[in-house]
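Here's the structure, in structure tokens; my notes come after.
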Amino acid sequence: MSSHTDLPVRVRFAPSPTGPMHIGGVRTALFNWLFARHHGGTFILRIEDTDQKRFDPDALRLITDGLRWVGLDWDEGPEVGGEYGPYIQSERLQQYQHWANWLVDQGQAYRCYCSPERLDALHKQQESGQERRGYDRRCRDLTPEQRDQLHHENGGKYVIRFKMPIEGSTTVHDLLRGDITFDNDQLQDLVLLKTDGYPTYHLANVVDDHFMKISHILRAEEWIPTAPIHKNLYDGFGWEPPHFAHLPVILNPSGKGKLSKRTVGFREGGQQIPVRLDEFEAGGYVPEAIINFLTNIGWSFGDNREVFSVQETIENFDLSRVNPAGGKFPIEKLEWLNGVYIRDMDPVRLAQLLKPILENAGYEVNVDMLLRAIPLIRERIKVLPDVIGIGGLFFADDFTPPARDMLIQKGMDAPRTKTALEESLAALEALPDFNAASQEAVIRPLAEKLGLKMGQLLGTLRAATTAQEVSPPLFETMDVLGREKSLARIRQAMAVVSE
RNA sequence: GCCCCCAUCGUCUAGAGGACCAGGACGUGGCCCUUUCAAGGCUAAGACUGGAGUUCGAAUCUCCAUGGGGGCACCA
């Protein structure tokens with residue numbers, strides 16, 4: 001065990017409840033979870049609802065449902081409790097207020113009376129010129145008289161800002177990248193406590209990570225610039241900071257920038273790709289494929305394998321195999337992997353997943369028949385909804401026969417097609433046992449007798465019984481369909497060709 | 001504008017100084033199988049961003065350039 005895991009491993013996934021789960025968030029959660037499970041540690045879910053403006057009351061449920069759907073269970077957090085709770089930040093406000101004021105008392109933080117309007121004006125001015133961005137520290141060194149005056153002018157409203165060191169530099173150790181050093185004059189006097197009494201992310205994060213005894217912070221790369229800020233906060237409190245590792249971001253597959261729900265990615269051809277976890281679910285991706293896929297972005301198994309179970313991933317997971325470089329979202333690979341998992345899935349479970357999709361498409365689903373059809377259709381399905389196009393034929397009660405063009409194969413005409421159908425019908429009707437093997441035994445010789453190529457005869461029959469250009473093989477299809485339906489469809493086809 | 005991170009086939013990646021004329025996977029092309037479509041098997045094309053160093057030796061170390069990404073809120 002490496003030195004950074006000497007302490008009990010406690011990691012957290014700390015989403016903000018502002019909307020649906022994003023696939024990038026799922027990846028962050030997954031890596032935390034894998035790390036915890038590998039080290040026999042604790043995986044904590046913490047809800048960072050400190051922004052009242054962006055709060056979405058549905059988001060908590062979307063997060064917990066999403067995590068459960070992909071199989072990421074948490075040991076402490078909402079719904080499960082734990083001894084370091086509460087795990088929802090809005091229920092911990094006194095904590096943050098206490099520690100913000102503690103810093104003020106220590107002279108490490110100060111009350112700032114600058115209005116949002118003044119700050120806006122300041123930022124606008126900075127953006128148009130060459131000046132340094134950020135707060136100008138106007139309230140950092142006020143005299144008691146100035147402070148009293150501003151306090152009155154503002155009706156007692158203020159925020160608490162941290163006194164960032166101005167000189168020197170701050171070095172943060174990242175487990176994936178080594179030391180990262182920032183000049184302190186680049187750091188801001190960030191707000192710790194807002195006017196409404198809520199903490200900012202920075203304060204809440206540091207206080208909670210400390211009191212929840214978080215050992216490792218595994219978060220996305222976009223947080224690197226806040227690491228020195230947090231380091232200084234830990235120093236200010238006199239607390240030992242956790243270990244940091246910043247995970248690479250997932251980039252848009254074709255567009256620019258990171259994959260986000262705000263800049264949705266588009267595949268070649270303008271097709272939209274899923275970004276939110278519920279979109280993946282609706283799109284017919286299965287959880288184990290999504291998990292396997294996500295582990296292959298930014299991490300690799302160690303040998304040349306691409307397909308492996310969650311259990312194997314847990315056994316193998318190691319931060320040293322995380323690739324610090326960000327990468328694009330390889331959606332084609334997920335489609336392939338999804339197909340792999342569908343082909344490998346327990347038929348009963350696959351049937352459970354497929355049934356509602358077929359029903360939503362208007363089919364009445366007989367589960368026995370679905371179970372028998374699954375071996376025929378599963379290897380033709382990449383995403384679950386593909387079942388409609390490839391397997392709907394088994395459940396069509398009022399079957400619509402194919403058009404003449406589909407029935408009449410290459411090199412054939414209507415009369416010959418009609419003859420072929422009639423002869424086939426007669427041969428099939430005479431079968432005492434209607435199964436794939438017996439059908440094949442009479443149809444194959446029939447092709448020769450009629451002077452047709454195998455592809456022509458079978459093509460016509462396949463069109464007749466499936467009405468699909470693409471379908472499972474003929475004999476197995478008729479076998480599952482049964483004598484009655486198969487023969488009825490051939491008769492329907494004869495009528496079409498006779499017209 | 002300033003700061004930070006990253007850099008191997010189209011894409012996801014293996015590679016932690018000699019084992020690399022760089023391996024795997026997806027995708028793409030070809031062939032085989034074949035009643036369509038898949039699945040499967042075989043196969044082909046395809047990359048170390050550039051330049052200086054260090055070294056007997058560099059995809060691997062250092063620096064610079066370039067490119068890509070992230071950040072600079074009373075959002076997280």
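Proteins come first, then strands; the chains are lettered A, B, ... in the order of their sequence lines, and each starts at number 1. Bear in mind that the values here come from a model prediction, so they are computed numbers and not experimental data.
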Can you identify which nucleotide, out of [options], has its nearest atom closest to the [X] side chain?
X       : options                   : value
E379(A) : rG24(B), rC74(B), rA38(B) : rA38(B)
Q186(A) : rC72(B), rC2(B), rG24(B)  : rC2(B)
R343(A) : rC2(B), rG40(B), rC74(B)  : rG40(B)
K194(A) : rG71(B), rC74(B), rU36(B) : rC74(B)

At less than 3.5 Å, do the side-chain atoms of T200(A) and the base atoms of rC74(B) form a donor-acceptor pair?
no

Is the base of rC5(B) touched by the side chain of R177(A) through a donor-acceptor pair closer than 3.5 angstrom?
no

Suppose we screen for side-chain contact (heavy atoms from CB on, under 4.5 Å). Which residues come up paired with [X], at least two apart in sequence or across chains?
X       : result
L122(A) : Q126(A), D136(A)
P225(A) : none
A396(A) : Y363(A), F399(A), R489(A)

If I pick the [atom1] atom on [M] and the same atom on [N], what distance separates them, to the nearest angstrom?
N       : M       : atom1 : result
rC9(B)  : rA59(B) : P     : 15 Å
rC31(B) : rA38(B) : P     : 14 Å
rG15(B) : rC20(B) : C1'   : 9 Å
rG23(B) : rA16(B) : P     : 14 Å
rG46(B) : rG27(B) : C1'   : 12 Å
rG18(B) : rC61(B) : P     : 12 Å

Quick check on contacts: within residues 435-453 of chain A, what sits under 4.0 Å from RNA chain B by heavy-atom distance?
R444(A)

Hey, is the main chain of [Y] close enough, under 3.5 Å, to the side chain of [X] for a donor-acceptor pair?
X       : Y       : value
E222(A) : V249(A) : no
R140(A) : M164(A) : yes
N32(A)  : F13(A)  : no

Contact list (N/O, under 3.5 angstrom) for nucleotides 8-12 of chain B vs protein:
unit_1: rC12(B); atom_1: OP1; unit_2: K328(A); atom_2: N; d: 2.7
unit_1: rC12(B); atom_1: O2'; unit_2: N296(A); atom_2: O; d: 2.8
unit_1: rC12(B); atom_1: O2; unit_2: K333(A); atom_2: NZ; d: 2.7

Sequence neighbours left out, what pairs pass salt bridge (charged side-chain N to carboxylate O under 4.0 Å, His left out) with at least one residue falling in residues 20-31 of chain A?
none

How many whole angstroms separate atom CG of N292(A) from atom P of rA25(B)?
15 Å

Give the rounded distance in Å between these two atoms: CG of L192(A) and P of rA73(B).
15 Å

With heavy atoms under 4.0 Å as the rule, sort Q468(A) into base, sugar-phosphate or nothing.
nothing

Look at all strands and tell whether S300(A) reaches a base, only sugar-phosphate, or nothing, counting heavy atoms closer than 4.0 Å.
sugar-phosphate

Go through the structure and list residues passing side chain to side chain donor-acceptor pair (under 3.5 Å) with [X], not counting sequence neighbours.
X       : result
N292(A) : Y341(A)
R444(A) : E440(A)
E423(A) : K449(A)

Strictly by Watson-Crick or wobble contacts shorter than 3.5 Å, is anything paired with rU35(B), and which nucleotide is it?
none

Hunt down the Watson-Crick or G-U wobble partner of rC42(B), both distances under 3.5 Å, from any strand shown, or write none.
rG30(B)

Assess the side chains of Q89(A) and D208(A): does a donor N or O sit below 3.5 Å from an acceptor N or O?
yes

Could you list the residues that satisfy salt bridge (charged side-chain N to carboxylate O under 4.0 Å, His left out) with R137(A), not counting sequence neighbours?
D189(A)

Who passes ring pair (Phe, Tyr, Trp, His ring centres under 6.0 Å) against F301(A), sequence neighbours left out?
F308(A)

So, is T50(A) close to the rA76(B) phosphate, meaning a side-chain N or O under 4.0 Å from OP1 or OP2?
yes

Report, one pair per line, the protein and nucleotides 46-48 of chain B atoms (nitrogen or oxygen only) whose separation is under 3.5 Å.
none

